[in-house]
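Structure, as structure tokens:
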2 protein chains.
Amino acid sequence: MRTSLKDFKKKALQNPEVKSEYDRLSSAYELRKQLIKIRKDAGFTQEELAELLHTKKSNISRLENVNSKISPKLSTIEEYARAVGYKLEINFILQS
Amino acid sequence: MRTSLKDFKKKALQNPEVKSEYDRLSSAYELRKQLIKIRKDAGFTQEELAELLHTKKSNISRLENVNSKISPKLSTIEEYARAVGYKLEINFILQS
DNA sequence: GACTTTGTTATCATTTATGATAACACTTAC
DNA sequence: GTAAGTGTTATCATAAATGATAACAAAGTC
């Protein structure tokens, strides 16, 4: 293989448009990984958490699912976090 | 005055339901203060930012307004931040 | 005082997230 | 292998955020 996947990624990320999309997706991915982590750390299944939030497990799955194309409301994330014993902290980092 | 405002607040915040509502409102308030701050630091008016985001100044005002009862989408906040040169960082803090 | 700039508020249309239900896939324990 | 537990996916109805327009308010400029 002439061009490795890694090289391709590196090159692609030099394209500003690609990078921007990458950042957006990766932060969405990170968020969902974090959601799953705090739920599991708190020892809840999706169904148990759904009950705490007065909703259904399918909705929790959608929220946590990486493939999901939704951008959740801030309040949804806050309530999810609170239900499993966490608090949301939001910071704005100057892009350098 | 027998009961000072401060005492009232302190007492009220011992009521879990009141505290929960207080936290929610105060974090929403903080968020909006931060939004306004980063926009001003970047030197934009609401109208200028609106143009960057392909929307209207009234919508920016609604987003920034403390009295607003909306809970914005995560993507809305992310795009706002990015447009004024900031990146969003989200952390989940264990409630102790 | 009139004028410009900036932000606010109300309203309506449109888009999108969320709620609910059901069927399915996967794992694990029996 | 089958039954229970857990998570996924598709779909539809409902609620809520966002987009757009217009009129207004406040503050500063001349």
Side-chain angles (χ1 to χ4, degrees), chain A residues 20-21 23-88 90 92, chain B residues 20-21 23-88 90 92:
Chain A
S20 160
E21 179 68 359
D23 284 352
R24 198 185 59 72
L25 290 176
S26 89
S27 72
Y29 175 63
E30 287 303 323
L31 173 71
R32 290 175 160 95
K33 268 203 315 190
Q34 285 186 86
L35 287 178
I36 295 172
K37 178 176 193 321
I38 63 176
R39 174 174 62 79
K40 293 208 162 153
D41 284 356
F44 293 114
T45 65
Q46 287 185 348
E47 193 162 21
E48 288 167 337
L49 177 53
E51 191 165 7
L52 285 178
L53 292 171
H54 307 105
T55 181
K56 305 298 171 186
K57 63 175 181 170
S58 58
N59 299 324
I60 302 294
S61 174
R62 177 175 53 198
L63 185 65
E64 291 179 353
N65 196 323
V66 172
N67 298 323
S68 166
K69 294 183 192 313
I70 68 166
S71 179
K73 292 199 294 170
L74 212 49
S75 59
T76 304
I77 304 296
E78 277 172 348
E79 287 157 18
Y80 180 115
R82 176 182 300 269
V84 298
Y86 285 77
K87 185 171 176 301
L88 204 56
I90 296 179
F92 294 94
Chain B
S20 159
E21 178 69 358
D23 284 351
R24 199 185 58 74
L25 289 176
S26 88
S27 71
Y29 175 63
E30 287 303 324
L31 173 70
R32 289 174 161 96
K33 269 203 313 190
Q34 286 186 85
L35 287 178
I36 295 172
K37 179 176 190 319
I38 63 176
R39 174 174 60 79
K40 294 207 161 153
D41 285 355
F44 291 114
T45 65
Q46 287 186 347
E47 193 162 22
E48 288 167 338
L49 177 53
E51 191 165 6
L52 284 178
L53 292 172
H54 308 105
T55 181
K56 306 297 171 185
K57 63 175 181 171
S58 58
N59 298 324
I60 302 294
S61 174
R62 177 174 53 197
L63 187 63
E64 291 180 352
N65 196 321
V66 171
N67 297 325
S68 167
K69 294 185 192 309
I70 68 164
S71 179
K73 290 198 296 171
L74 211 50
S75 59
T76 304
I77 303 297
E78 277 172 347
E79 287 157 19
Y80 180 114
R82 175 182 300 269
V84 299
Y86 285 76
K87 185 172 176 303
L88 204 57
I90 296 179
F92 294 94

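Given the structure is predicted, the values throughout are model-derived calculations rather than measurements. Chain letters run A, B, ... following the sequence lines, proteins first, then strands; residues in each count from 1.
Using a 4.0 Å cut-off, no side-chain N or O of A:Ser61 falls inside it from OP1 or OP2 of D:dG7. The side chain of B:Arg39 contributes no N or O atom lying less than 4.0 Å from OP1 or OP2 of C:dT6. A close approach under 4.0 Å does occur between a side-chain nitrogen or oxygen of B:Asn65 and OP1 or OP2 of C:dT9.
In this structure, the separation between CD on B:Glu47 and OG1 on B:Thr55 is 11.5 Å, given to the nearest 0.5 Å. Here the NE2-CD distance, from B:His54 to B:Glu79, works out to 10.5 Å after rounding to the nearest 0.5 Å. The CG atom of B:Leu74 sits 6.0 Å away from atom CG of B:Leu88, with the distance rounded to the nearest 0.5 Å. The NZ atom of A:Lys40 lies 8.0 Å from the CD atom of A:Gln46; values are rounded to the nearest 0.5 Å. Atom-to-atom distance recorded for A:Arg82:CZ and A:Ile77:CD1 is 14.0 Å, nearest 0.5 angstrom.
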Would you list the protein and nucleotides 19-21 of chain D atom pairs, both N or O, that sit under 3.5 Å from each other?
{"from": "D:dG19", "atom 1": "OP2", "to": "B:Thr55", "atom 2": "OG1", "distance (Å)": "3.4"}
{"from": "D:dG19", "atom 1": "N7", "to": "B:Asn59", "atom 2": "OD1", "distance (Å)": "3.3"}
{"from": "D:dG19", "atom 1": "N7", "to": "B:Arg62", "atom 2": "NH2", "distance (Å)": "2.9"}
{"from": "D:dG19", "atom 1": "O6", "to": "B:Arg62", "atom 2": "NH1", "distance (Å)": "3.4"}
{"from": "D:dA20", "atom 1": "N7", "to": "B:Asn59", "atom 2": "OD1", "distance (Å)": "3.3"}
{"from": "D:dA20", "atom 1": "N7", "to": "B:Asn59", "atom 2": "ND2", "distance (Å)": "3.4"}
{"from": "D:dT21", "atom 1": "O4", "to": "B:Ser58", "atom 2": "OG", "distance (Å)": "2.7"}

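Computed from coordinates, the A:Gln46 CD to C:dA25 C1' distance equals 13 Å when rounded to whole Å. Per the geometry, CD belonging to A:Glu78 stands 15 Å off C1' belonging to D:dA17, to the nearest Å. As rounded to whole Å, 16 Å separates atom C1' of D:dA27 from atom CD of B:Glu47. We find that CD1 of A:Ile70 is positioned 16 Å from C1' of D:dT18, with the value rounded to whole Å. Atom CG of A:Leu63 is separated from atom P of C:dT16 by 18 Å (rounded to the nearest Å). Nucleotide C:dT18 holds its C1' atom 18 Å from the NZ atom of A:Lys69, rounded to whole Å. Rounding to whole angstrom units, CG of residue A:Leu74 and C1' of D:dT18 are separated by 15 Å. For A:Tyr80 and C:dA17, the OH to C1' distance is 17 Å, given to the nearest whole Å.
Summarising the geometry of B:Leu53 relative to B:Tyr80, their closest heavy-atom pair is CD1-CA, 4.0 Å, with the distance given to 0.1 Å. The nearest pair of heavy atoms linking B:Arg39 to B:Phe44 is NH1-O, 2.9 Å.
Set against D:dT6, D:dT8, C:dT16, the side chain of A:Thr45 has D:dT6 as its closest nucleotide.
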